[in-house]
**Q** 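Sharing a structure below in structure tokens format, with a few things to ask.
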Amino acid sequence: MLISCLKYLRCLIASFLFFIFALSSAWAKVDFAYSSEWLALGHYQKDGKGYESTIDTPNFFLSKNGKVNPKDELMASIDLFESENNEQKCLFPARYKLLKKNKLIKSSLPHCEELEKFYADLQPKGVTFLFTDAYMNSPSSLFGHTLLRIDTARKGTQLLAHGANYGAFTGDNPGPLYPILGIVGGYFGGFTVKPYYDIINTYNNIENRDIWEFELDFSQEELDFFVAHLWEVGHAQSRYYFFTRNCSYMLMETLDAVRPSLKLAQKFAVQTIPLDTVKAVYNSKGLVKKVNYRPSRQNKIKNLYKQMSETEKKCFLQTITEQNYDMDGLSEEEKARVAEAAYQYVQYKYVARDLELKDYRKQSFGLLKVRSKLKNKEKENATFGEQNSFEAHDSMRFTWGAGVRNGTGFQEIAYRPAYHSLTDDNYGFLQGAEINFLNTTLRHYDKDDKYVLQKFELLGIRSVAPIDAMFAPISFQILADVSREINPDDGKEGYVANLVVGGGGTLALHDNFWLFAMINNHLAYGGFLPRNQWAGVGAQVGVLVNVGDWRGLAEAEKVYASSKIGAKNIYKGEVVYSLNRNWAVALHYKYQQNYGRDIDETYLGFRSYF
């Protein structure tokens, strides 16, 4: 009887322990489903109800509810790796590594031929985060671009490495709706992996964009996990949103998947500007171990030219315009510098398709022949006086101040989500480039105790780049806004939608003193206007000055229009002083002549960047 009771008690204890073990195991899985590691790997972000993955294609999820239910996706993943479905297992090597590491599965990953070929092609040795400067000729690259490089263990240059780029799949001919579809999520985006030398050729040489390289301090385990996760997301796609879930945002989520403690994606819940993600990566403790600067070919040429004496510059211009390779009167070192700059210039002209292949070969051969005879062969100067983009002012700007308009006092606040104006601190930005997006200005007028929307600038793009003996860029501007304007006939105010598109040229009288001139096309529409619209042409001149912490901009434009309300002379001036990188004081003046209904306005404001 006693023995029987002991056996029964033993069975009862064993059953109880088994129940406790099973329960604790189940709870452990539930806990892990909401761990930072699993959430980051599945690209889950908090929403109002719970969690939702930013990945949109169903093939990334094993559970029917996997996009919105991390627990179901975890259980389905565990079931997969305990099954015999080897083909599907090979699609999720990062999940396997994470589950195995946390002892949630016991099985081994099968032989995966395509995955192993992917590793063999990459031969990964490290990961580098890349930032390319803004490219003003492409709407998708106005704010710069970020991507990743998988550094190679191959001997030689990292040009043999591979770049991982996230972008929108727009097709070969995206059409005129391309910008709108990009903003509202009309495209899917995904990762593509291609040789790094192709990326360098596109960004560095063809588009002439500087590249910043941030070498990441990943352990071998993190490196292996990154490559495995890149393989996983390479089979998936997400809705692409130009200002939020764009190329830079998805890189933040990818880095979070490797090191969840970074929490980079959480910093970009409202908008994602590439330069802001660069700052987030650079300022993350223990993430970046080295920073490299790769200037564009155009900047290499300009840098070499700046270092030349007047005699060298004369010989250089003769070399590139007359193919005169004598370089009389120059020392060996000077000849080497001129020959190197001229050779880089010939390369630039050929890539820009401004030089026929026959002429390219002839000029290249002539310069190489000159260089071969020189004992001192000029090396590219490593010191370019570059300004660190990751130390530039922050993207968002808030302005507040007060002024006087035609004798009436007013107070003004303005908010600009992005990005940079000509009179903002230029450190780290492309000089002469301006991109203002959704700049909104509100005013209170003392006379009528009235609050008004003074101006809503949907988009403002300007590029003023000097023409010189080597380069002849076109200066241009595209401005689209809704502003409060005066009807000269009756003095009443109303809202007008404006579009200004113009082009011209810029001359640099000094490095810090530029003159520009443009011919602008004006279109205006609104019920406030006579016949609801007007069209016009304007002739504009301006001066841009940049001296230390001071910037100045003066502009004058004569507008000829189809309606009296549009015909006017506009004079504007702006002086800005930077207190530091993210604080400035700005003084504005505007005088507008419009058939006796003139506007005389002065404004003093403070700018805060964040």
**Q** Closer than 3.5 angstrom, by distance alone: can the side chain of Thr319 be matched with the main-chain N or O of Asn324 as a donor-acceptor pair?
**A**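 Here the side-chain-to-backbone pair exists.
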**Q** Once the angle between the rings of Phe243 and Phe143 is folded into 0 to 90°, is it parallel (under 30°), tilted (30 to 60°) or perpendicular (over 60°)?
**A**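 It falls in the perpendicular class, over 60°.
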**Q** Looking just at side-chain N and O atoms, do Ser421 and Arg416 make a donor-acceptor pair shorter than 3.5 Å?
**A**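 Ser421 vs Arg416: donor-acceptor pair found between side chains.
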**Q** Could you check whether any side-chain N or O of Tyr119 sits under 3.5 Å from a backbone N or O of Asp224, counting only pairs where one atom can act as donor and the other as acceptor?
**A**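 Such a contact is found between Tyr119 side chain and Asp224 backbone.
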**Q** Does a donor on one side chain and an acceptor on the other come within less than 3.5 Å for Asp424 and Tyr609?
**A**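 Yes, side-chain donor-acceptor contact under 3.5 Å.
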**Q** Does any donor atom in the side chain of Gln540 or Gln477 lie under 3.5 Å from an acceptor atom in the other side chain?
**A**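 Looking only at side-chain atoms, Gln477 and Gln540 do form a donor-acceptor pair, the distance falling under 3.5 Å.
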**Q** Between His522 and Glu557, is there a side-chain donor-acceptor contact under 3.5 Å, judged purely by atom types and distance?
**A**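 Indeed, the side chains of Glu557 and His522 share at least one donor-acceptor pair under 3.5 Å.
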**Q** Specify whether Trp231 and Phe118 have parallel, tilted or perpendicular ring planes, treating 30° as the upper limit for parallel and 60° as the lower limit for perpendicular.
**A**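 Plane angle between 30° and 60°, so tilted.
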**Q** Does NZ or CZ of Arg581 fall inside the cone over Tyr427's six-membered ring, less than 6.0 Å from its centre and within 45° of the axis?
**A**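 Arg581 over Tyr427 ring: yes.
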**Q** Indicate yes or no: does Lys267 engage Asp276 in a salt bridge with an N to O separation below 4.0 Å.
**A**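 Between Asp276 and Lys267 there is no salt bridge, as every charged N stays at least 4.0 Å from the carboxylate O atoms.
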**Q** For the residue pair Lys335 and Leu330, what are the closest heavy atoms and their distance?
**A**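 Scanning both residues, the minimum pair turns out to be CE-O, 3.4 Å.
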**Q** Check Leu275 against Ser389 and note the closest heavy-atom contact, atom names and distance.
**A**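 Looks like CD1-O, 3.2 Å.
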**Q** Tell me whether the NZ or CZ atom of Lys313 lies within the 45° cone about the ring axis of Tyr305 and under 6.0 Å from its centre.
**A**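 Cation-pi check for Lys313 and Tyr305: passes.
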**Q** Are any side-chain N or O atoms of Asn246 and backbone N or O atoms of Ser248, one a donor and one an acceptor, separated by less than 3.5 Å?
**A**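 A pair under 3.5 Å: yes.
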**Q** Anything under 30° is parallel, anything over 60° is perpendicular, the rest tilted; go ahead and classify Tyr293 against Trp212.
**A**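 Tilted.
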**Q** Is there a donor-acceptor pair under 3.5 Å between the side chain of Arg551 and the backbone N or O of Leu422?
**A**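 The answer is no, because no donor-acceptor pair under 3.5 Å joins these two groups.
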**Q** Which atom pair, heavy atoms only, marks the closest approach of Met250 to Ile55?
**A**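 Nearest heavy atoms, Met250 then Ile55: CE-CD1, 4.2 Å.
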**Q** Please determine if Arg239 and Asp56 form a salt bridge, counting it only when a charged side-chain N lies under 4.0 Å from a carboxylate O.
**A**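 Between Asp56 and Arg239 there is no salt bridge, as every charged N stays at least 4.0 Å from the carboxylate O atoms.
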**Q** Please check if any side-chain donor atom of Glu253 sits under 3.5 Å from a side-chain acceptor atom of Gln45, or the reverse.
**A**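 Present: a donor and an acceptor within the cut-off.
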**Q** Between Tyr345 and Tyr343, does a side-chain contact (heavy atoms from CB on, under 4.5 Å) hold up when you go through it step by step?
**A** CA-CA 5 Å; Tyr345 184 75; Tyr343 181 73; over 6 Å; no
**Q** With ring centroids as reference points, do Phe429 and Tyr419 lie under 6.0 angstrom apart?
**A**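 Ring centroids of Phe429 and Tyr419 are less than 6.0 Å from each other.
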**Q** Could Arg462 and Glu555 be called an ion pair, given the rule that one side-chain N must be under 4.0 Å from one carboxylate O?
**A**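 So Arg462 pairs with Glu555 through a salt bridge.
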